Amino acid sequence: MRHRFSIMKRFTAKTVSPMLVLVLLLVIWEMSSRLLDIPAWLLPAPTVIVAEGIDGWGNYQHHLISTTQLAFFGFLIGATVGLVVAMTLHLLPAVKRAIYPLLILSQNIPIIVLAPLLVIWFGFGVMPKLIVITLVCFFPIAVSTIDGFRQTSYELLHYMHMAGASKQQIFTKLELPHALPSIFSGLKIAATYSVMGAVISEWLGANQGIGVYMTLAQSSFRTDRVFVAIFFIMILCMIFFGAIIGLEKVLIKGRGKEDES
Amino acid sequence: MSELVVEKISKLYQGEPILSEVSFSVKDGEFVALLGPSGSGKSTLFHLIGGISKPEQGAFYLDGINITGQRGAISYTPQSPSLFPWRTIIDNVVLGLEIHAKPDYDRARTMLQKAGLSGYEEAYPHQLSGGMQQRVAFVRALLSPQDFICLDEPFSALDEFTRLEMQKWLLTIWEENRQSVLFVTHNIEEALFLSDRVIVLSSKPAQIKKEFVVPFERPRREELLLSEEFLKWKKAIYQELQGNHDERHH
Ligand SMILES: Nc1ncnc2c1ncn2[C@@H]1O[C@H](COP(=O)(O)OP(=O)(O)OP(=O)(O)O)[C@@H](O)[C@H]1O
Ligand SMILES: [Mg+2]
């Protein structure tokens, strides 16, 4: 119980001051848009945005669900591809030497410029959208996983060799668990990328999704709705991020896990 | 049963000789200390026995079977404890076994208890002190399926008090099983206190300078460390290490 309590205390101490700053900012925003008479299409007051968020739920709820699904499945595919690429390159060093530099180079191409091509090739369906998300997600995961494998403790590797472990045992008992923290830092980056990728791919052409809702709001100068969309994108990113952190807490044991004492 | 024969082992690193025609043997149930200055090639010799690098010349025989270049023939404790941080203590000590067979958790629990580590089975390595981690590494070596144990300066990172405690503990555990042990150290007192035989290595390249058969009877007590005779032996080995070739004293 005392343990729980101390976590609670640390949690509140860590969150109170940023919360205060946030509230202060919102108050300043509210006051200035009221006192200075800023037009709503330029910058709506927070209360106006909240009101639209509540009243308009029926209007955008299906967009929200569609984007969440897209980001989720895109992330799953991207993470799987990233992990498979990383493991393949790690287990086949010759292939890694040939492909890894190209992989790094390919990341200099902004995904957004590829998007029109994908639309030309695959149309406006789900396919090009999933490809965009996969492309933005797999890279951070692949790179951090490969990094994790590469940083395997020399001493532990040495012990495994001396003990006569097979290549497969070294991989499953040492390299993979050792790389888990790195894999998770890649997953965390990819989680936020996946939401971003989903929204961007919807901008390019779709019939539903937060991206579509945003474009519609923008073209009709419903700035309050744009803010509602931004708010939900942030929430979505945070939920994804939080889920990964939760999974990390369960899977990572011993050192590397945040000390709880 | 396990007897190790080291036969004329030579090793070069980048053209520089590290080991030169090193030959000795460890009989079944014998505790042999390998004493040499830092950088003389003691760890290198272990890597050769363990098969992770190959000697330019010579061979190792374990119970008459040539094991040169063969991995996993001996049980080994590295210079640092090298525990797996994400494994609990119990999962760490069964690792050597797990690589070759199905781990026996009951035996592991009993061994941990003997090592004074009961209650720590489910703890993680970073929650243990340096001395406790060394004990875990040693229990892991004892539980490994190989009979021959190689220990590479297991206590060199510990303070004087802990070190003595660990040496006494090691002796008690060893008295029970009497497995063959090859123990590397650069501490003369440690070598004398623990072993049946001390092999002194020279450095650059490492060669066997001399072998001392330690006459102290077992089980050994702490008082031995302060006895007249112990100091006399210590001095003799010290002179040998210093390269004092006046051998008329022996
Ligand atoms: N992989 C390697 N490549 C080149 N030289 C090496 C390599 N490993 C060890 N050496 C050299 O071999 C010599 C012996 O090293 P080793 O680690 O065996 O010494 P040691 O007796 O175990 O020393 P210590 O008591 O400090 O542990 C050193 O001079 C070292 O520089
Ligand atoms: Mg060494």
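Convention: sequence-line order gives letters A, B, ...; per-chain numbering from 1. No experiment lies behind these values; they were computed from the predicted model shown.
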* Asked: At their closest point, which heavy atom of A:Leu156 faces which heavy atom of B:Leu83, and how far apart are they?
  -> CD2-O, 3.6 Å
* Do you know which two heavy atoms are closest between A:Gln169 and B:Ile99, and how far apart they sit? ->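 Closest approach of A:Gln169 to B:Ile99, heavy atoms only: NE2-O, 2.8 Å.
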Count the heavy atoms belonging to other residues, nucleotides or ligands that lie under 6.0 Å from [atom1] of [X], then report whether that count exceeds 12.
{"X": "A:Phe138", "atom1": "CZ", "answer": "yes"}
{"X": "A:Phe72", "atom1": "CZ", "answer": "no"}
{"X": "A:Phe231", "atom1": "CZ", "answer": "no"}
{"X": "A:Gln168", "atom1": "CD", "answer": "no"}

* **Value rounded to 0.5 Å, distance of NE2 in A:His178 from CH2 in B:Trp86** => 5.0 Å
* Structure fact -> Rounded to the nearest 0.5 angstrom, the CZ-OG distance for B:Arg71 and A:Ser166 is 11.5 Å
* Proximal component of A:Glu155, with respect to chain B [non-hydrogen, under 4.5 Å] ->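 Both the backbone and the side chain of A:Glu155 come within 4.5 Å of chain B.
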* Asked: chain B heavy atoms under 4.5 Å from A:Leu174: which part of the residue, side chain, backbone, both or neither?
  ->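 A:Leu174 touches chain B through backbone and side-chain heavy atoms alike.
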* **Winner by heavy-atom pair count (cut-off under 4.5 Å) against chain B, out of A:Ser153, A:Gly164, A:Pro177** =>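 That would be A:Pro177.
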Note, [X] side chain near [Y] side chain (heavy atom, < 4.5 Å):
{"X": "A:Lys253", "Y": "B:Thr88", "answer": "no"}
{"X": "A:Met162", "Y": "B:Ile74", "answer": "yes"}
{"X": "A:Met160", "Y": "B:Phe84", "answer": "yes"}

* Which bit of B:Gln146 is near chain A, if near means a heavy-atom gap under 4.5 Å: side chain, backbone, both or neither? -> side chain
* To do: Fit a plane to each ring of A:His158 and B:His47, take the angle between them on a 0 to 90° scale, and name the class: parallel (under 30°), tilted (30 to 60°) or perpendicular (over 60°).
  => perpendicular
* Trace of the side-chain contact (heavy atoms from CB on, under 4.5 Å) decision for A:Tyr159 with B:Thr77 -> CA-CA 8 Å; A:Tyr159 174 80; B:Thr77 298; over 6 Å; no
